[in-house]
Amino acid sequence: MEMKSLYLLIALAPLAGSIIAGLFGWAIGRRASHVVTIAGVAVSAVLSLKVLHAFLTGQAEVFNGPVYTWLTVAGYDFSVGFLVDSLTAMMLVVVTSVSLMVHIYTIGYMQEDPGYQRFFSYISLFTFSMLMLVMSNNFIQLFFGWEAVGLVSYLLIGFWFKRPTAIFANLKAFLVNRVGDFGFVLGIGMVLAYFGGSLNYSDVFAAAPALANKTIQLIPGMDWSLLTVTCILLFIGAMGKSAQFPLHVWLPDSMEGPTPISALIHAATMVTAGIFMVSRMSPLFELSDTALNVVMVAGSITALFMGFLGIVQNDIKRVVAYSTLSQLGYMTVALGASAYSVAMFHVMTHAFFKALLFLAAGSVIIGMHHDQDMRNMGGLRKYMPITWLTSLIGSLALIGTPFFSGFYSKDSIIEAVHASNLPAAGFAYFAVIAGVFVTAFYSFRLYFLVFHGKERWMEKHHAHHEHADDHDHHHGLGPKDKPHESPWVVTLPLVLLAIPSLLIGYFAIEPLLYGDFFKGVISVNHQLHPAMEEIAKDFHGATAMSIHALSSLPFWLAVAGVGTAWFFYMKAPSIPAAIQRTFSPINKLLENKYYLDEIYFAVFAKGSRALGTLFWKVGDILLIDGLLVNGTAKLVGWSAGWIRRLQTGFIYSYAMAMIIGVLGLMTAWFWPLIWR
């Protein structure tokens, strides 16, 4: 098969399944709908593995070319084009494999849902959108994929559209991403205006070095570096999609969607788009230290402060959601340290263990009859052994346990930040080190509360169902119910995701970070940003790295986090309760998510509404309607009423007016002659 046809098939197979299930699902039924969508994603996954294998064995060549030109205007070509290199190949496998697991899992999770066919159509369309994004070779197609994943995430977060909370959540996600996308569009506009009139990556990257010292004046009299402005604007787009502070507020609320889409959005697709985009744009970001510092600071704040929020959550899905936010912060910090390959390595490992954790949480929710409150769980280990074991593997990978996948990528990020010479690196290093303890604490708080300890679901059932993850008729476990292991369509994806969560980091670290896998794809100026060269000096193989970690600070911080969680929630649950009472202002601050929602609502929602009211009442009602429209009409009416009095209908009145007029004309004519 010709390579262009192969790549088209990878992209279009999920789209075909989505269209069939979406338009004809009512006719072909539930079973055929999931068969056709899973088949489409499976085809993409198998072909993506073939492409990745070809790159790993050196048999594949980079493909960069147009597929379809859809608009030519004023000398500009806007086309659909593919750039398939090692970075693309890795992302293709991550997206399609995780998506395939989510598709299979959905059969069990959504089996009673009346929107079954619609859901399968949406998640396949989501997969297609993400594939178009990662395969693009130009900014226009990148933007198409960018907006398409945003649109489908809006549909999926609000999938249960009869619930007000779901509608609020999807609208919030949509609006916050519009803020980021506005910056992204401006960044693309800067590229089009200054980088030679082409939006193809290769042309833009070739033009960039010559523009390294070019300045522009956004404000008269102030010079700004063109590349700094462009990179920061592009990164604002990444801040929205990849949920970086302060545009992170939409991500926890996206839990209102069904659990499979939480896994798909949070693990392998939408939120990694920003990380992928900055890595792809490395030739631009390497030319601006200011932009890299901005990236690093945003990532540091997200990594640490979003982790704190995970500590106080009681909804099982929201704990995992905040861990996603924190891990995205880690990836962003790596981008700021010019360790793009490390960031993409963490994207890959995180995709597997985070999808595993979300799907395991969904399995727990099924077993608990759709109760999501961890305070109503406990002792599930003996009732749900597969979910327990896979969840433990995912948690150990998340906290960076040596020999687990997450360890290799997370520790590499910490080392890269430590080796960075940027001004922001000091704060970033503190944030990622402190984040290790925080991550271990909230991850194992969840693990112990759910799988160990007292079986709290046996007690009188509490009414903690604000975020029930299905229809209103689910009320959690009754007094006679017992939790149960999920069906095989749910547990099989858990097992299949647990394997790479355990192993893939060990085998992938050397080729991805210290081999030639990303050679010529990711650009790093090692003289100015030596972090990758520094950590390469200390790397002596995956096994040696794991053994050495046993005496390192991050490992012992992780152990301390796990130990603290065990002691607090298994041995002395009165301690966290006492801490909450003692530090109630801090606890309230965390429970209210730093009041950012309220601030945004007050400043932006209420502020923009007040501005709109001002324009409406002063501009529209007073000036336009009152003065211009109605005022003109009143002036004409008043003038007409006054002039109408002159129209008496009597001849002597008109004769008098004519005589006065003649006398006036004569006076005007003769007056200058009299006084000359």
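- The two residues V249 and L596 make their nearest non-hydrogen contact at CG1-CB, 4.2 Å.
- Looking at T88, its side chain never comes within 3.5 Å of a backbone N or O of M135 through a donor-acceptor pair.
- Side-chain contact check for K50 versus I10: every heavy-atom pair is 4.5 Å or farther apart.
- A 4.5 Å side-chain heavy-atom check between T96 and L131 finds at least one atom pair inside the cut-off.
- Of the candidates V295, N293, V297, N293 is the only one forming a side-chain contact (heavy atoms from CB on, under 4.5 Å) with L422.
- In this structure the side chain of Y429 never reaches within 4.5 angstrom of the side chain of V333, judged on heavy atoms.
- For the pair S86 and K519, the minimum side-chain heavy-atom distance is 4.5 Å or more.
- In terms of heavy-atom proximity, G274 sits nearest to W146 at CA-CH2, 3.8 Å.
- Ring-plane geometry between H248 and F245 is classed as parallel, the angle between the planes falling under 30 degrees on a 0 to 90 degree scale with a further cut at 60.
- Two residues are said to be in side-chain contact when any heavy atoms from C-beta on lie closer than 4.5 Å; M130 and T272 meet this criterion.
- The minimum heavy-atom distance between I236 and G183, with the atom names listed, is CG2-CA, 4.1 Å.
- Minimum heavy-atom separation, G505 to F345: O-CZ, 3.7 Å.
- Between the CE atom of M348 and the CE atom of M344 there is a distance of 9.5 Å, given to the nearest 0.5 Å.
- Although no hydrogens or angles enter the test, the distance criterion places no donor-acceptor pair under 3.5 Å between the side chain of E256 and the main chain of T165.
- Between the side chain of T37 and the backbone N or O of S121 there is no donor-acceptor pair closer than 3.5 Å.
- Remark: the backbone N or O of L49 is not paired with any side-chain donor or acceptor of H53 at under 3.5 angstrom.
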**OP:** Could you walk me through whether F119 and Y122 pass ring pair (Phe, Tyr, Trp, His ring centres under 6.0 Å), step by step?
**Re:** CA-CA 5 Å; F119 190 80; Y122 285 174; 7.7 Å; no

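- Looking at heavy atoms from C-beta onward, F159 lies in side-chain contact with R118 at the 4.5 angstrom threshold.
- Using modelled atom types, no side-chain atom of N200 and backbone atom of S202 make a donor-acceptor pair closer than 3.5 Å.
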Subject >> side chain to side chain contact (heavy atoms under 4.5 Å, CB included) assessment of F195 paired with D203 >> reply: CA-CA 8 Å; F195 287 74; D203 297 335; over 6 Å; no

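- Applying the side chain to side chain donor-acceptor pair (under 3.5 Å) test between T349 and each of S409, S501, S405 identifies S409 as the sole match.
- Under a 3.5 Å cut-off, the side chain of T230 and the backbone N or O of L227 do not form any donor-acceptor pair.
- Between F205 and Y201, the ring planes are parallel. Angles under 30° get that label, and only those over 60° would be called perpendicular.
- Counting heavy atoms from C-beta outward, M91 and V347 have side chains that approach closer than 4.5 Å.
- For the pair Y340/L335, a side-chain contact is recorded, criterion being any heavy-atom separation below 4.5 Å from C-beta on.
- Remark: R178 fails to qualify as a cation-pi partner of F182 under the 6.0 Å distance and 45° angle criteria applied to the six-membered ring.
- Side-chain atoms of T106 come within 3.5 Å of backbone atoms of V102 as a donor-acceptor pair (strictly under, hydrogens ignored).
- A donor-acceptor pair under 3.5 Å is absent between the side-chain atoms of W250 and the main chain of L175, judged by distance alone.
- Considering all non-hydrogen atoms of both residues, E286 and S523 come closest at CG-O, 3.2 Å.
- Checking side-chain atoms of S420 against main-chain N and O of A416 turns up no donor-acceptor pair under 3.5 Å.
- Y7 and F82 have perpendicular rings, their planes meeting at more than 60° on a 0 to 90° scale where under 30° would count as parallel.
- Within the model, atoms CZ of F517 and OG of S341 stand 11.0 Å from one another, a figure rounded to the nearest 0.5 Å.
- P260 and L359 make their closest contact through CA-CD2, 4.4 Å (heavy atoms, listed as atom of the first residue, atom of the second, distance).
- T332 and Q244 form a side-chain donor-acceptor contact under 3.5 Å, judged by distance and modelled atom types alone.
- With hydrogens and angles left out, the side-chain atoms of S18 and S124 include no donor and acceptor closer than 3.5 Å.
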